[in-house]
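Each chain gets a letter, A, B and so on, in the order the sequences are listed, and its residues count up from 1.
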Protein chains: 2
Amino acid sequence: MQRGKSHVSLKDIAREIGVSISTVSRALNNHPDISPEVTRKVQKLAAELNYTPNPLAMGLLKQATRMIGVIVPDLVTHFYSSIISGIEDIAEQKGYYILIASSNETLQKEIKAVENLMKTRVEGLIVCLSQETKNYEHFDRLINNNIPLVFFDRVCRTGEVPSVVVDNVDAAQKITKHFYKNGFRRIAYIAGPDHLNISQERTQGYISGLKSCGLGFHPELLVKCNLSSKDAIKATAQLLNLPERPDAIFGINDTVAFAAMKEIKRQGFRIPEDVALVGFTDEFHSTVVDPALTSITHPTFEIGQEAARLFFRCVENPEAKATQVILNTKLVIRKSSVK
Amino acid sequence: MQRGKSHVSLKDIAREIGVSISTVSRALNNHPDISPEVTRKVQKLAAELNYTPNPLAMGLLKQATRMIGVIVPDLVTHFYSSIISGIEDIAEQKGYYILIASSNETLQKEIKAVENLMKTRVEGLIVCLSQETKNYEHFDRLINNNIPLVFFDRVCRTGEVPSVVVDNVDAAQKITKHFYKNGFRRIAYIAGPDHLNISQERTQGYISGLKSCGLGFHPELLVKCNLSSKDAIKATAQLLNLPERPDAIFGINDTVAFAAMKEIKRQGFRIPEDVALVGFTDEFHSTVVDPALTSITHPTFEIGQEAARLFFRCVENPEAKATQVILNTKLVIRKSSVK
DNA sequence: TTGAAAGCGCTAACAT
DNA sequence: ATGTTAGCGCTTTCAA
């Protein structure tokens with residue numbers, strides 16, 4: 001068998017059996033007009049020859065590629081990998097494939113990824129914004145063309161675009177209260193860039209959590225970083241060097257939490273005796289580190305599944321109005337935050 | 001703009017300018033026959049309308065989809081994510097996209113993944129075998145049809161299929177010798193399934209390493225597991241419960257190394273004082289755990305790049321004979337193995 | 001019950 | 001210098 005001809009087409013089957021291409025097509029689709037005998041013969045041969053319809057031809061004809069583009073800030077974080085698995089799970093059930101691209105946390109690569117994926121004629125996009133993204137023109141173009149689009153975790157344009165998020169305010173409150181209950185009073189928070197919804201919401205939960213515990217908000221205990229390991233270490237150092245050191249820190253996400261852990265240890269502080277730590281992360285790594293990290297765990301697989309479900313709702317009903325699915329997080333208490 | 005008509009075609013441009021479709025095609029491809037004026041006009045309009053050639057149409061015509069299928073045992077391990085980034089890096093330069101599938105370490109899903117990817121008409125496959133795979137029929141079908149195929153890390157059919165691996169024998173020897181140099185004498189090894197090349201080769205390196213240190217090989221110090229966390233914990237427990245406990249352990253890969261670390265700690269042993277530990281892993285996690293894990297680091301990104309390069313060699317020259325690229329690993333010494 | 005023809009978007013051989 | 005035609009694989013109207 002030759003390269004480029006390794007796939008059987010309707011033509012091959014038609015020639016072999018001695019009927020027209022259209023008859024073969026109908027037979028394979030169980031069209032009632034075709035005689036049972038021909039249908040049987042065609043289907044038998046097709047099975048033998050391992051016929052599968054050419055998706056390029058179908059795509060061209062139906063103007064539907066059955067492909068979804070997925071853009072994530074990075075591929076090497078368990079958080080995104082796991083969400084992707086969730087998307088894949090639902091997509092597979094619908095006979096769709098996903099094309100994965102990484103923005104590497106930069107706006108420039110995100111724009112490029114949108115362009116490239118649209119070039120390949122994906123039917124739409126499922127996206128988690130890069131940390132740099134505060135300009136949404138590249139998405140507005142999709143919105144205006146009514147191309148299916150779903151955001152998850154880091155979202156924007158929530159009025160027009162369906163999205164999946166977790167209840168960040170609640171999560172951050174849970175953390176603050178947990179610290180309080182365990183005797184910590186100088187609770188610090190390492191946030192991310194202001195324009196990200198996750199950062200804003202968690203900040204809001206942090207502050208309202210402090211209030212409801214009767215603690216004041218001390219601006220010096222809220223530091224920001226750009227979500228990179230390096231910057232998170234700097235932020236942690238800044239906190240540890242305060243005249244009045246915090247006795248508890250929580251980080252906005254995985255990367256930040258682990259970086260904070262490294263820096264706290266490096267400076268010779270004990271966790272949780274000197275500084276308690278809580279992360280915002282998924283289940284995987286929290287138990288590998290030492291001490292095991294108390295953290296808000298995300299239902300990552302479900303986030304992916306929900307995002308995919310919203311996506312197919314868009315595909316099937318382009319007029320439907322944008323909804324937001326809010327999932328709950330869980331505070332899993334481990335050693336890093338209990339004296 | 002309507003759904004399903006959000007992409008401009010040659011026809012649209014042709015109609016607008018009042019020339020034929022082929023003229024437009026030629027103009028866009030800078031065909032010398034076309035008058036400079038028409039060429040200019042066409043290219044200008046194409047740019048304005050954001051024309052991009054329809055890859056489905058091109059794929060149909062050229063019988064080349066510019067897509068590569070990639071199958072990995074799982075998506076949530078940094079090792080594979082990082083390799084995928086490497087593949088993507090080269091693929092992007094060549095204008096190819098990759099379609100990622102996970103076998104979830106099962107043969108059944110691997111077969112399914114091969115089938116599905118072939119159905120989408122990827123031009124070929126880059127694969128790391130699932131841990132269950134010892135039957136290669138699903139790949140033989142590709143080989144016989146001369147469909148581009150490259151294996152990495154866990155490989156088979158190396159005579160016929162190009163592959164990228166690391167020097168596993170050497171790596172395992174390095175570990176054994178490192179243990180010896182640091183005063184450890186009862187060196188244990190947690191291997192994987194026998195049929196996997198990586199397991200065989202590392203076992204071989206382990207044994208020859210022992211020999212070259214003048215240590216005997218004690219069969220009870222070589223245990224096997226199926227590469228799952230759970231099984232690796234069992235294997236570790238088995239080692240720790242030996243009448244004569246090993247004073248050093250190395251695990252065949254990331255998952256195993258981390259599981260071993262957990263179990264050693266859980267049983268109350270100190271690392272490295274009671275039991276030293278070395279992992280076979282990539283750089284990312286080794287420094288997050290405590291104590292930091294000495295390990296053989298894989299050049300993951302390069303593995304991906306090399307695999308992609310081999311793939312394109314197949315595409316460009318289908319007759320070329322299968323070569324194997326062997327990359328070197330590095331032993332990075334951290335606290336877990338030095339008393 | 002079946003076949004012929006058109007068309008999805010594109011290129012290339014073959015006219016003109 | 002440009003247009004026409006055929007064909008990549010498939011479905012679907014229209015004809016028979």
Side-chain angles (χ1 to χ4, degrees), chain A residues 2-43 45-46 49-67 95 118-123, chain B residues 2-43 45-46 49-67 95 118-123:
Chain A
Q2 276 303 307
R3 264 287 291 300
K5 193 50 205 171
S6 44
H7 289 286
V8 187
S9 72
L10 292 189
K11 204 179 181 179
D12 299 322
I13 300 179
R15 193 184 333 101
E16 180 84 11
I17 300 198
V19 293
S20 77
I21 293 177
S22 14
T23 301
V24 175
S25 169
R26 292 191 184 104
L28 287 174
N29 291 309
N30 288 308
H31 192 107
D33 279 358
I34 303 297
S35 77
E37 196 204 352
V38 172
T39 300
R40 207 184 31 74
K41 257 174 40 189
V42 167
Q43 295 192 349
L45 185 60
L49 296 181
N50 236 307
Y51 169 79
T52 57
N54 184 322
L56 297 182
M58 294 294 248
L60 200 54
L61 191 65
K62 299 267 175 68
Q63 300 288 32
T65 53
R66 299 186 92 73
M67 304 241 287
M118 291 318 295
K119 267 193 209 161
T120 70
R121 271 40 174 190
V122 294
E123 291 185 27
Chain B
Q2 274 303 307
R3 265 285 292 301
K5 193 50 206 172
S6 41
H7 290 286
V8 188
S9 71
L10 292 189
K11 203 178 179 178
D12 300 321
I13 300 179
R15 194 184 334 100
E16 180 84 12
I17 301 199
V19 291
S20 77
I21 293 178
S22 19
T23 301
V24 175
S25 169
R26 291 190 184 103
L28 288 174
N29 291 307
N30 289 307
H31 192 109
D33 280 358
I34 303 298
S35 77
E37 195 205 351
V38 172
T39 301
R40 206 185 31 75
K41 255 172 44 187
V42 167
Q43 295 192 349
L45 185 60
L49 297 180
N50 234 308
Y51 168 82
T52 57
N54 185 322
L56 297 181
M58 295 295 249
L60 243 194
L61 191 66
K62 299 267 176 67
Q63 299 289 31
T65 53
R66 300 186 92 74
M67 305 241 287
M118 290 319 294
K119 268 192 209 161
T120 70
R121 274 34 176 194
V122 293
E123 291 186 27

| said: For a side chain to side chain contact (heavy atoms under 4.5 Å, CB included) check, start with the C-alpha distance between A/R66 and B/T120, then their side-chain angles and the critical distance, and finish with the verdict. | reply: CA-CA 10 Å; A/R66 299 186 92 73; B/T120 70; over 6 Å; no

| said: Using the rule given for side chain to side chain contact (heavy atoms under 4.5 Å, CB included), can you reason through A/V24 versus A/I17, listing the C-alpha separation, both sets of side-chain angles and the distance that settles it, and then say yes or no? | reply: CA-CA 9 Å; A/V24 175; A/I17 300 198; 5.9 Å; no

| said: Whether the side chain of B/N29 engages the backbone of B/H31 through a donor-acceptor N/O pair (distance < 3.5 Å, no angle test) should be reported. | reply: no

| Side-chain donor/acceptor contact of B/S22 with base of D/dT4 under 3.5 Å | yes

| Atom pair distance, as rounded to whole Å: CG in B/N30 and P in C/dA12 | 14 Å

| field | Close side-chain approach of B/L28 to B/L10, heavy-atom, < 4.5 Å | value | yes

| task | Look at A/S20 and C/dA4 and indicate whether a side-chain polar atom (N or O) is within less than 4.0 Å of OP1 or OP2. | result | no

| Between atom CD1 in A/I21 and atom P in D/dG9, what is the gap in whole Å? | 9 Å

| query | Checking side chain to side chain contact (heavy atoms under 4.5 Å, CB included) for the pair B/Y51/B/L45: CA distance, chi angles, key distance, verdict? | reply | CA-CA 8 Å; B/Y51 168 82; B/L45 185 60; over 6 Å; no

| remark: Distance col, row B/H7:NE2 vs B/L49:CG, nearest 0.5 angstrom, shows 13.5 Å

| message | Using whole Å, what does the distance between atom P of nucleotide C/dA12 and atom NZ of B/K62 come to? | response | 5 Å

| request: Please report, rounded to the nearest Å, how far the P atom of D/dC10 is from the CG atom of A/L28. | output: 9 Å

| query | For B/L56 and D/dG7, what is the distance between atoms CG and C1' respectively, to the nearest whole Å? | reply | 17 Å

| task | Could you pick out which residue, B/I34 or B/A57, lies toward the 5' side of DNA chain D when each is mapped onto its nearest nucleotide? | result | B/I34

Just the table, please: protein N/O against nucleotides 14-16 of chain C N/O, every pair under 3.5 Å.
none

| Just checking B/D33: base, sugar-phosphate only, or nothing, at a heavy-atom cut-off of under 4.0 Å? | base

| Distance in angstrom units between A/N54 CG and D/dT11 C1', rounded | 13 Å

| So what does A/S25 hit on the nucleic acid, given a heavy-atom distance under 4.0 Å: a base, only sugar-phosphate, or nothing? | base

| said: For a side chain to side chain contact (heavy atoms under 4.5 Å, CB included) check, start with the C-alpha distance between A/V8 and A/N50, then their side-chain angles and the critical distance, and finish with the verdict. | reply: CA-CA 7 Å; A/V8 187; A/N50 236 307; 5.6 Å; no

| Nearest-angstrom distance from the residue atom CE of B/M58 to P of C/dA12 | 8 Å

| Side-chain N or O of A/Q63 less than 4.0 angstrom from OP1 or OP2 on C/dG7? | no

| query | With nearest nucleotides of DNA chain D determined for B/H31 and A/N29 from heavy-atom distances, which residue corresponds to the more 5′ nucleotide? | reply | B/H31

| request: Tell me whether the OP1 or OP2 atom of C/dC8 has a side-chain N or O from B/K11 closer than 4.0 Å. | output: yes

| query | Is the shortest side-chain N/O distance from A/S9 to OP1 or OP2 of D/dC8 below 4.0 Å? | reply | no

| task | Grab the NE2-C1' distance between B/H7 and C/dC8 for me, whole Å please. | result | 14 Å

| Backbone N or O of A/R121 within a donor-acceptor pair of the A/T65 side chain at under 3.5 Å? | yes

| field | Among D/dC10, C/dG9, C/dT11, the nucleotide that comes nearest once only the side chain of B/L10 is considered | value | C/dT11

